[in-house]
Amino acid sequence: MANELTDRQKLLLFEMMRRSEGVDPSEAARRLDVSRRTLQRDLRAVAGWLRSFRGRIESQGGRLCLVASPQELARIEAALGPVNARTVAFTPRQRAALLALWLLAEQGPLKLAYLGKVLDAAPASLSGDLNDLAPWLRARRMTLVRRQGFGVLVEGSEVARREAMADIVYEQLSPYQLARMITREGDLSHPVARWLVQCVQEPMLRAIADAVEVVLGAVEPPVEEADRAEVWLYAVIQCLRVARGGLVQGTDLGEGARPGDVALAKDLLTSVAQVAGLPRLAVEPEIRYMARHLAGLRVRLDDDFRLLPSNVTALDLAHRFVRAVEEITQLPFASDHLLVSGLAQHLAPALDRVRARLPIRNPLLEMVKARYPDLFAAATSAADEVFAAHGLRLPDEEIGFLTMHLGASRERQLAEEKWRAVMVCPHGLSSARLLASRVRKELPEIAVQEVASAASAAHCDADLVLSTVPLPESDVPVVVVSPFLTEHDLRAVRAALAKLERPTLAAANPGESLPGAATWAVRLASSVRTSTLFAQTMDDVMQLVGLDLVRLGRASDAKPIVAAIERRERLGSVVLPGRQLAVLHARTDAVNGPFVGVYRLARPMWTRGVGGDEPVSAVLVLLARVQEDASAIEGLGRISAALVESEALVEALKCADEEEVRRRLYEAMVGE
């Protein structure tokens, strides 16, 4: 008898049977991707089918409830058969997404009859989907070709095809669903997830995931978890397209990528090519294509790596952006150094994404706009003012991330913190900053110790784990929360705290001045030397700086110093925009203590900046050991902040005498 119902009607009845509290009709229409009128027609069909079982549908408190005796419910379930989320038909939106994926994945034409079979859809429905798909493809510089007897085909560049496939997957699957596909447990409940398995096969998906994890797991500083999932998806799409004859052409790609990104992309694709049996994957155009995506990776700077908050270009732009927002809003943002450093760390890879025209996805954008409308508007205006000068236009998705940093700053306040908590935020620093700020405001009894990865959180040394995604079983209580920490989240956290035995007092505020900072300021400033270098490239500068430290007795070998500086430089531009000053910095045990050096170039050289090449006439070098005195690190960090705030310091570094340079640096370190 259940054959009298459509698959969508079966799913609607199944949901009412599964939920004793009933089904919200608006939510049901949204999940089934139908109008309320269509839902009403389906409800009438289901109600008619239920009459033979003496069952009925009632509206109780605005929810749709199935009313039937236990015996009749058993009969209904038996007649309905095995209906669940894995076997139901696609919603119209899912069907359209799958239709686009099938066409984009194939090199040649597909017959409409074949597509109707794999999608279980009538030709008329598919024809309507194709009519909607054509303008969507045109907006992405691709063309839909339909001819009688020929079939359906998508024409366009290989890069555009792959980017469109990734956009569809990200639109259909949440980051958490993607992350679960990579794990051994897997989650293939979504039709798009099942399509990926059908096209690439589950063992291959996991083999690619293992290869990505091995290569990116060795990268320093560590790559954010959400970005590892994104690299995995692009690698899967590359394998799928290369296996079907789709190869990237050199003319499809823009300007050259950084050498470090190209080297990492080569290692990654060589490993993936081996497990996939696709030697054509590790060729130069394909490597350059992957390097474009690696350029925008967000990194997690650990304490043994961080010296400056980020590369100096991003630090300067973050400072200018915050000043612009402060002027618009008349709120004291510029004095929040945590905000400036957090924005700088975020902007370093974000600007690479914008320059390369890579897609930027922000699943929290609408929530950010709704919660912080004034800050979003201010961030939009400030971004136009600051970044347009460098030929960059930030999309709304990126403005949303910047607004989250501003929102975190606005809500941040000092409070006594007692419980030790670790946060897990795979979607990046902006959501972590926002959640931490909300915790400080709403839960002053909690001290946020660190932001940990999902893998390490299970055995962390803390009282509680606050995670924005579900986690496997853990030794520590885990509460899944939104970055906005809603009232429901607060109740859940307080319930978890009530079960804990005894809180632990938090450590001192890391933003406070450390004892001995003034002593270190004197020692560092007094040791500063200015010298002239004859160099044509930044690589030349790095080599000469390493040799100079050996000559000065500050190091025994130049090679590890150069390697450490190069590793840090790969994160992005080292040029202070419009100032003709570059900053090289790193932490390495190859030096025998903290070092500040000012090197002036005999002739200015051109170096890659945020909007293109810029002239550089002087280079500031800041070095420290991995396990360095905290006061020395604070002093070096204050120099970095002063660079973007003090024109006088920058000018002194470029042309003042040695004593004036030392005086300016001392003033920067002691905050005068």
Side-chain angles (χ1 to χ4, degrees), residues 157-163 165-166 182 200 204-300 311 348-349 351-353 355-359 537-539 542-543 559-560 562-574 608:
S157 76
E158 184 63 26
V159 169
R161 184 185 294 262
R162 295 182 187 183
E163 302 296 341
M165 293 174 70
I182 298 174
V200 184
M204 183 56 63
L205 291 175
R206 289 177 174 166
I208 295 171
D210 290 342
V212 170
E213 183 63 28
V214 167
V215 175
L216 294 189
V219 173
E220 293 185 353
V223 176
E224 291 283 1
E225 290 177 272
D227 282 2
R228 296 191 192 197
E230 183 169 318
V231 171
W232 168 79
L233 176 61
Y234 278 109
V236 167
I237 292 174
Q238 273 190 273
C239 288
L240 173 59
R241 286 294 301 153
V242 169
R244 301 187 180 190
L247 296 173
V248 170
Q249 304 298 316
T251 54
D252 294 337
L253 303 171
E255 61 183 29
R258 291 195 300 257
D261 295 329
V262 173
L264 182 60
K266 184 176 181 180
D267 291 343
L268 177 63
L269 290 187
T270 299
S271 180
V272 172
Q274 290 176 349
V275 300
L278 293 169
R280 290 182 297 171
L281 192 63
V283 297
E284 193 264 344
E286 294 290 339
I287 291 171
R288 286 174 54 205
Y289 171 75
M290 177 56 77
R292 291 172 71 244
H293 293 284
L294 297 180
L297 291 180
R298 294 165 296 176
V299 298
R300 192 171 60 250
N311 70 67
L351 295 179
D352 283 325
R353 287 179 176 267
R355 270 194 299 266
R357 295 185 175 86
L358 296 176
T537 67
M538 194 57 69
D539 287 339
M542 295 179 196
Q543 296 293 333
K559 288 183 179 179
V562 175
I565 296 175
E566 285 179 338
R567 182 181 67 164
R568 193 65 179 88
E569 190 267 345
R570 281 199 298 268
L571 292 178
S573 168
V574 297
R608 185 175 66 88

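Numbering of residues begins at 1 and proceeds along the displayed sequence.
Of all heavy-atom pairs spanning Leu294 and Asp261, the tightest one is CD1-O, 3.8 Å. Shown here for Gly277 and Pro279, the closest heavy-atom pair between the two residues is O-CD, 3.5 Å. Of all heavy-atom pairs spanning Val262 and Ile287, the tightest one is O-CG2, 3.7 Å. The minimum heavy-atom distance between Ala291 and Ala265, with the atom names listed, is N-CB, 3.7 Å. Contact record, Ala211 with Val272: CB-CG2, 4.1 Å, taken as the closest heavy-atom pair. Residue Lys266 comes nearest to Thr270 through the heavy atom pair O-OG1, 2.6 Å, listed as atom of the first residue, atom of the second, then distance.
Judged by distance alone, the side chain of Ser271 and the main-chain N or O of Asp267 form no donor-acceptor pair under 3.5 Å. Arg162 places no side-chain N or O within 3.5 Å of a backbone atom of Ile237 that could act as its donor or acceptor partner. Side-chain atoms of Trp232 do not come within 3.5 Å of backbone N or O of Glu213 as any donor-acceptor pair. Glu286 contributes a side-chain N or O that, together with a main-chain N or O of Val248, makes up a donor-acceptor pair within less than 3.5 Å.
Here CD1 of Ile565 is found 11.0 Å from CG of Asp539. Values are rounded to the nearest 0.5 Å. Rounded to the nearest 0.5 Å, atoms CE (Met204) and CG (Leu278) are 7.5 Å apart. Note: Leu281 CG to Leu247 CG = 9.0 Å, rounded to the nearest 0.5 Å.
Counting heavy atoms from C-beta on, the side chains of Gln543 and Val562 come closer than 4.5 Å. Contact check for Glu163 versus His293: side-chain heavy atoms found under the 4.5 Å cut-off. Considering only heavy atoms from C-beta on, Leu264 stays 4.5 Å or farther from Met290 through its side chain.
Residues Tyr289 and Gln249 have side chains that never bring a donor and an acceptor to within less than 3.5 angstrom of each other.
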Check: After noting the C-alpha distance and the side-chain angles of Ile208 and Cys239, does the key distance pass the side chain to side chain contact (heavy atoms under 4.5 Å, CB included) rule?
Finding: CA-CA 9 Å; Ile208 295 171; Cys239 288; 3.8 Å; yes
